[in-house]
Amino acid sequence: MSQSVITRFSPSPTGFLHIGGARTALFNWLYAKHTGGKMLLRIEDTDQKRSTEESVQAILNGLTWLELEWNGDPISQLSRINRHREIAEELVAADKAYYCYTSPEELAEMRKKAKYERKPPRYDGRWRDCSSTKVPTGIQPVIRIKSPRDGHKVLHDIVQGDIHFSNKDLDDYIILRSDATPTYMLAVVVDDHDMGVTHIIRGDDHLTNAARQTVIYDAMGWTVPVMAHIPLIHGLDGAKLSKRHGALSIEAYRNMGYLPIALRNYLVRLGWSHGNDEIMSMQKMIEWFDIIDINKGAARFDFKKLEAINGQYIRASDNKTLLKNVISILPEIEDGKKIAAQLNEKYWQQLRDALPELKKRAKTLVELIKGAEFIFAKRPISFDKKATAILNEKGRRILGGLLTILEDCHNWTEMELDNTMRTYSKEIGLKLSQIAQPLRAALTGCSASLGVFAVMTILGREESLARIREQVI
Ligand code: GLU
């Protein structure tokens, strides 16, 4: 029976969950799901100066929001440092690693010399074969791994292919610092091994680390997991994705009104695709996703494309789920807070009634909420610049006539309102759009909105008439 797949997502909690990290998590999650395996979550918190609890929370929240659930409890790397130390000592005992007492001054000297000789700054291995008799007092040693000195190493990577490394480029790097804390190199290998990780899927910025990490695997006689180093995400200009290109945190995307399902669908196609399929259900994604199909070239993040996909998902959402998503982000956005404070039974109903229309034209939930603001507007309505211009004397006069007609209309349905206004527009010799314009301005305070008949039915007869009356001279 073949071993079941175990992947892991292993963020360092030094900031928010980054869009690139989210894609890495998604690929790990999908591959685990595709193979019926597990995805574990390891928080790489050994850098205590930079790791924060807040960041751990942001990462967990981000993953939860994206519905990328991990198996078991998150594992803190810090909680495992005794085990890391144990392995470092074991490697020393097996003569695969050694104590190094080189002082900072000597290291500086070494770097200077290497620079002078135009060589890469590398530890020269001076403690590699020393017996303990020469140990100086007063210096806390570090432990260094014995990297092979010659020959070369081939790293088999599912995405990148076979990568050849010359062993002389792998120096005897530190695995345990002088304060007995493990380096990333050691901690990651020990943890991946102990957690039974079978597949390492991570950004290709870790490719050279991977070659160096195999030294520890080999020294311990452990099997190197399958590696899949995925190309980083770039902006449309080809540069590595950065703040300059736009928002980077998952939380920001949530607060800009993206649906988790849309973001997932967009992210999966950054570096992987399935023919020309653009919109795919989670089920299909799981069925189709395989690490062997990940592209080698850098993926480009296209904000417009994400927006378009989000719009498609909003339109396709059932109203109940959509309403839940809208409500959940209200407290996160400026105008949403006011709305959240007012939501009573009546407003709920109106918002629900408006959703089918609102979702037709919104690319983000923020746009959708903006479109719903008219519902919550309080009389006297305030007007934007264009609406103010529309409600000039002529506009108000049109409204005056319209008010009389509408006051006589008791069957307040879109169809009836449509008929009434069409008849009236013919009577006074104006186009329907000419009378709809001031009407829309009076009802919503804006020059653009949902169809004016929909606005009237959503607001209801009393409120609509009251808003019109306010503008009639
Ligand atoms: N903690 C590392 C990072 O956030 C990832 C290490 C790994 O995947 O091996 O970049």
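Throughout, residue positions are numbered sequentially from 1 according to the sequence presented. Indexing begins at 1, ligand by ligand and atom by atom, following the structure's order.
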Task: R8 and ligand 1 - part of the residue with a heavy-atom distance under 4.0 Å - done: side chain
Open item on the list: Students should be able to answer this: which protein heavy-atom is nearest to atom 10 (O) of ligand 1, and at what distance?
Closed with: H206 NE2, 3.1 Å
TODO: Please verify whether a non-hydrogen atom of F9 lies at under 4.0 Å from ligand 1.
DONE: no
- [ ] May I ask you to check whether R42 has an N/O atom sitting below 3.5 Å from an N/O atom of ligand 1?
- [x] no
- [ ] Using a 4.5 Å cut-off on heavy atoms from C-beta on, say whether the side chain of K146 contacts that of L91.
- [x] no
- [ ] Would you check if the side chain of T52 reaches a backbone N or O of S55 as a donor-acceptor pair within less than 3.5 Å?
- [x] yes
Task: Heavy-atom nearest neighbour in the protein, as seen from atom 9 (O) of ligand 1, with distance rounded to 0.1 Å - done: R202 NH1, 2.6 Å
TODO: Give the residue, atom name and distance (to 0.1 Å) of the protein heavy atom nearest atom 5 (C) of ligand 1.
DONE: S10 O, 3.4 Å
Open item on the list: Taking the ring of F9 and the ring of W70, is the distance between their centroids below 6.0 Å?
Closed with: no
TODO: Please determine if R23 forms a cation-pi arrangement with F27, meaning its NZ or CZ atom is less than 6.0 Å from the six-membered ring centre and no more than 45° off the ring axis.
DONE: yes
Task: Sidechain-backbone polar pair: R111 side chain, P121 backbone, donor-acceptor under 3.5 Å - done: no
TODO: Find all atoms of ligand 1 within a distance of less than 4.0 Å from any non-hydrogen atom belonging to V188, and give their numbers and elements.
DONE: 9 (O)
- [ ] Side-chain contact test, heavy atoms from C-beta onward, threshold under 4.5 Å: evaluate it for F16 versus L248 and give yes or no.
- [x] yes
Task: Interfacing atoms of ligand 1 (cut-off 4.0 Å, heavy-atom, E44) - done: 1 (N), 2 (C), 5 (C), 6 (C)
